[in-house]
Number of protein chains: 2
Amino acid sequence: MKAVTIKDVAKQAGVSIGTVSRVFNGYPDISESTRKRIFKIAKDVGYSPNLAARTLSSKRQKTIALIFNDLVYTPKTTMPMSILNGVYDYTQSKGIEFAFYAVTTQKQKQKSFEQFCSERNVSGVILQGLHVTDPYYEQLKTTKIPTVLIDMYVDNPYVGSVSTDNVAAAKDAVSSLIKSGRKNIDMMNGSYNATVSVWREQGYHEALEAAELPPNSSLIQYANYDEQIARLMAKQVIEQDSTIDAFFCASDLMALGVIKAAQELNKRIPEDIAVMGFDGIELGEYVTPSLSTVSQQPYQFGQEAGKLVMELIDKPTLDHVLIRHVPYKVITRESSD
Amino acid sequence: MKAVTIKDVAKQAGVSIGTVSRVFNGYPDISESTRKRIFKIAKDVGYSPNLAARTLSSKRQKTIALIFNDLVYTPKTTMPMSILNGVYDYTQSKGIEFAFYAVTTQKQKQKSFEQFCSERNVSGVILQGLHVTDPYYEQLKTTKIPTVLIDMYVDNPYVGSVSTDNVAAAKDAVSSLIKSGRKNIDMMNGSYNATVSVWREQGYHEALEAAELPPNSSLIQYANYDEQIARLMAKQVIEQDSTIDAFFCASDLMALGVIKAAQELNKRIPEDIAVMGFDGIELGEYVTPSLSTVSQQPYQFGQEAGKLVMELIDKPTLDHVLIRHVPYKVITRESSD
DNA sequence: ATGAAAGCGCTAACAT
DNA sequence: ATGTTAGCGCTTTCAT
């Protein structure tokens with residue numbers, strides 16, 4: 001029952017532990033015969049190197065950590081799980097050790113980003129769900145720990161960024177609403193503190209501008225990515241301004257709320273009001289009317305983030321392309337057709 | 001940048017590393033004044049104990065690992081994420097170190113369960129998605145590593161089990177179909193190798209028996225929890241036997257397939273054929289007709305599993321209740337109303 | 001090609 | 001109440 005260590009293997013093989021270690025680390029200066037023998041013995045006794053020990057004594061052992069901030073999981077938003085899946089698959093395919101963590105704003109206050117990482121010997125981090133108001137955000141500007149942010153950007157050569165090209169995607173989405181004849185497009189946005197909200201709002205403006213439609217800041221609400229808040233706000237907007245003929249929403253969840261609001265006010269969708277979401281959640285295909293959206297690829301986020309963080313670790317300070325965009329697709333369904 | 005260690009704190013404080021260690025481990029034999037002083041200095045220099053080192057030198061450091069087998073994540077089945085969430089929250093609330101891993105049948109063949117765990121110094125394991133045909137399954141019968149299985153049972157005092165009371169739940173669900181007047185109820189089951197399938201099938205039988213309905217083994221199919229396979233099988237069943245007036249499905253996903261099959265054959269739901277699913281996935285509320293189901297609580301699975309595995313670690317060989325059931329609810333929606 | 005030995009950062013006896 | 005020291009299992013010089 002007690003764990004078998006490198007010593008047991010060495011004793012069995014009649015060699016020193018140094019030799020066994022070299023075998024397991026693929027050093028070249030080992031005779032083929034002993035290499036074979038050691039591997040066989042190791043297999044027989046069921047030995048495999050202890051990771052904690054390896055981490056302690058070696059500078060090479062790499063583990064990359066995926067950290068979720070504010071993991072408030074609801075079955076409607078499955079992005080986090082897909083990201084996790086993508087990162088995990090990437091690390092496994094490269095034989096890198098993976099670790100998962102979740103933090104909160106509260107926890108960030110208690111322990112710095114650097115501290116959290118050094119405590120756990122992580123060599124690289126992928127961070128999801130951070131807000132610009134979080135303690136980590138400031139700390140990331142000066143960190144030297146290779147880090148990749150999902151859906152957020154920080155100007156630091158050690159910090160990369162993976163996301164959809166939100167500006168372009170939002171612009172495309174709004175343009176498609178315009179192309180179908182809508183002229184008074186309201187934006188149901190998320191939050192000032194979410195970088196993606198800022199980007200998507202910019203795309204919205206650019207689309208209006210490109211179509212020479214007048215900007216109107218009263219046409220933008222912030223519903224904090226909440227379905228119910230979006231519903232209430234949309235209701236108010238529609239009641240106050242009967243010329244609104246479309247909503248561009250910064251998330252599918254909010255779009256669901258907007259649809260409900262419109263229906264409660266007896267508006268026809270998409271004839272009276274078109275609705276466009278953002279994310280591409282599964283539910284969007286099943287609701288009635290089905291939801292037009294910008295579909296993102298969270299699994300690819302994970303894969304790409306894994307790749308980028310490894311580059312950051314392996315060749316630090318080299319000039320990488322620190323911003324990586326993952327393809328998106330504007331999907332037109334019943335809600336805007 | 002280089003990590004600050006226990007030595008730095010000791011030097012700063014003018015004490016030995018032993019003292020610092022004792023402070024951080026809450027030993028009582030430290031004067032209040034130095035305790036305070038050390039904590040302050042540690043905070044100033046940004047020290048926090050390295051987990052790998054602690055794990056290595058201590059027998060106490062506990063980390064519990066959540067292992068997913070066959071993590072093929074689709075946004076339709078969000079159970080894994082909820083379980084993860086539940087386990088994570090539990091460990092954090094107790095200050096226990098958490099680790100996440102995923103394995104496959106392939107990987108299980110390369111490395112034994114014990115080996116996988118000793119390599120990572122895990123003190124307890126929560127295992128999800130295992131099949132009775134997996135290598136780990138056999139190994140679990142004799143392991144001494146405290147382990148909790150989700151949706152599966154193994155007879156070993158070191159191995160606990162957390163799940164819905166599947167037999168009772170299935171019985172309730174089928175009984176509700178019977179109560180609403182259905183008499184020829186087909187079961188669309190998952191797989192022989194999934195323990196839950198066996199349990200749910202037993203519940204199905206018990207419900208029929210209780211209602212004195214004749215058993216009929218030709219009324220059971222195995223669609224491997226796949227939506228499309230379920231659709232095809234259901235189609236065949238309905239075509240061959242026009243007296244079928246209900247389907248009890250071992251998962252909501254399969255139920256979705258069955259609904260499609262019935263619709264394609266121009267059967268009215270629920271008038272001609274009632275459909276009952278199992279799981280309580282989000283989608284079920286949104287499809288048309290909305291899906292009747294047995295709603296499970298995967299987040300609670302995670303919490304309960306965390307609790308149980310800690311008990312197993314702390315008081316091994318004591319006689320715990322090794323099987324823990326999490327409450328469920330039979331929800332009747334349009335598909336069986 | 002292999003052995004010997006010095007750490008990695010920490011905990012836990014054993015001293016005092 | 002605190003210092004000293006032997007490991008924990010492994011990697012990595014430095015010898016040979």
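Here the structure is a predicted model, which is why all the values come from computation and not from measurement. Atom set for the values below is all heavy atoms of this structure, side chains included, hydrogens, waters and symmetry mates excluded. Just so we're on the same page: letters track the sequence lines, and every chain starts at 1.
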Residue list, side-chain hydrogen bond (donor to acceptor under 3.5 Å, both in side chains) with B:Thr34, at least two apart or on another chain |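 Counting only residues at least two positions away or on another chain, B:Thr34 forms a side-chain hydrogen bond (donor to acceptor under 3.5 Å, both in side chains) with B:Ser31.
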- Quick one: list whatever passes side-chain hydrogen bond (donor to acceptor under 3.5 Å, both in side chains) with B:Asn121, sequence neighbours left out.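 Applying side-chain hydrogen bond (donor to acceptor under 3.5 Å, both in side chains) to B:Asn121 gives A:Asn50.
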Value in whole Å for how far the [atom2] atom of [N] lies from [atom1] of [X]:
X: A:Asp8; N: D:dC8; atom1: CG; atom2: C1'; answer: 14 Å
X: B:Leu51; N: D:dG9; atom1: CG; atom2: C1'; answer: 17 Å
X: B:Arg54; N: D:dG9; atom1: CZ; atom2: P; answer: 18 Å
X: B:Lys11; N: D:dG3; atom1: NZ; atom2: C1'; answer: 17 Å
X: A:Leu56; N: D:dT12; atom1: CG; atom2: P; answer: 13 Å

Is there side-chain contact between A:Thr195 and A:Val132, with heavy atoms separated by less than 4.5 Å?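 In short, these two side chains touch, coming nearer than 4.5 Å.
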Note to self: Using five base pairs at each end to define the local axes, how bent is the helix from C:dA1-D:dT16 to C:dT16-D:dA1, to the nearest 10°?
What the structure shows: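 Computed from the C1' atoms at both ends, the axes differ by 40°.
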| message | Using side-chain contact (heavy atoms from CB on, under 4.5 Å), reason through A:Ile64 and A:Val125 one step at a time and then give a plain yes or no. | response | CA-CA 6 Å; A:Ile64 94 162; A:Val125 174; over 6 Å; no
- Query: Stepwise, does the salt bridge (charged side-chain N to carboxylate O under 4.0 Å, His left out) test hold for A:Lys62 with A:Asp314?
  - Reply: CA-CA 10 Å; A:Lys62 279 168 194 156; A:Asp314 289 338; 2.9 Å; yes
(request) Measure the CD-CD1 distance between B:Gln297 and B:Ile83 for me, rounded to the nearest 0.5 Å. (result)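 Rounded to the nearest 0.5 Å, the CD-CD1 separation comes out at 12.5 Å.
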Applying salt bridge (charged side-chain N to carboxylate O under 4.0 Å, His left out) to A:Glu119 and B:Arg54, what does each step give before you reach the verdict? CA-CA 10 Å; A:Glu119 196 167 69; B:Arg54 188 173 258 187; over 6 Å; no
Only pairs at least two apart or in different chains count here, so list each ring-ring contact (aromatic ring centres under 6.0 Å, His included) that has a residue in residues 121-160 of chain A.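 Passing the test, one end in residues 121-160 of chain A: A:Phe113-A:Tyr136.
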> Below 6.0 angstrom between ring centroids: does that apply to B:Tyr88 and A:Tyr101?
Replying inline: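 Not under 6.0 Å, so no.
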Exercise. What about A:Phe24 and A:Phe39, are their ring centers closer than 6.0 Å?
Worked result: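 Under 6.0 Å, so yes.
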Item checked: Segment of DNA chain C, first to last nucleotide, that comes within the 4.0 Å heavy-atom reach of chain A ->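 The protein-touched segment is C:dA1 to C:dG9.
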Of the residues in residues 17-44 of chain A, which ones touch DNA chain C at a heavy-atom distance under 4.0 Å?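 Correct list: A:Thr19, A:Arg22, A:Asp29, A:Ile30, A:Ser31, A:Thr34.
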_As a quick check of understanding, evaluate side-chain contact (heavy atoms from CB on, under 4.5 Å) for A:Leu84 and A:Phe98, giving each step before the final call._
CA-CA 10 Å; A:Leu84 166 60; A:Phe98 168 89; 3.5 Å; yes
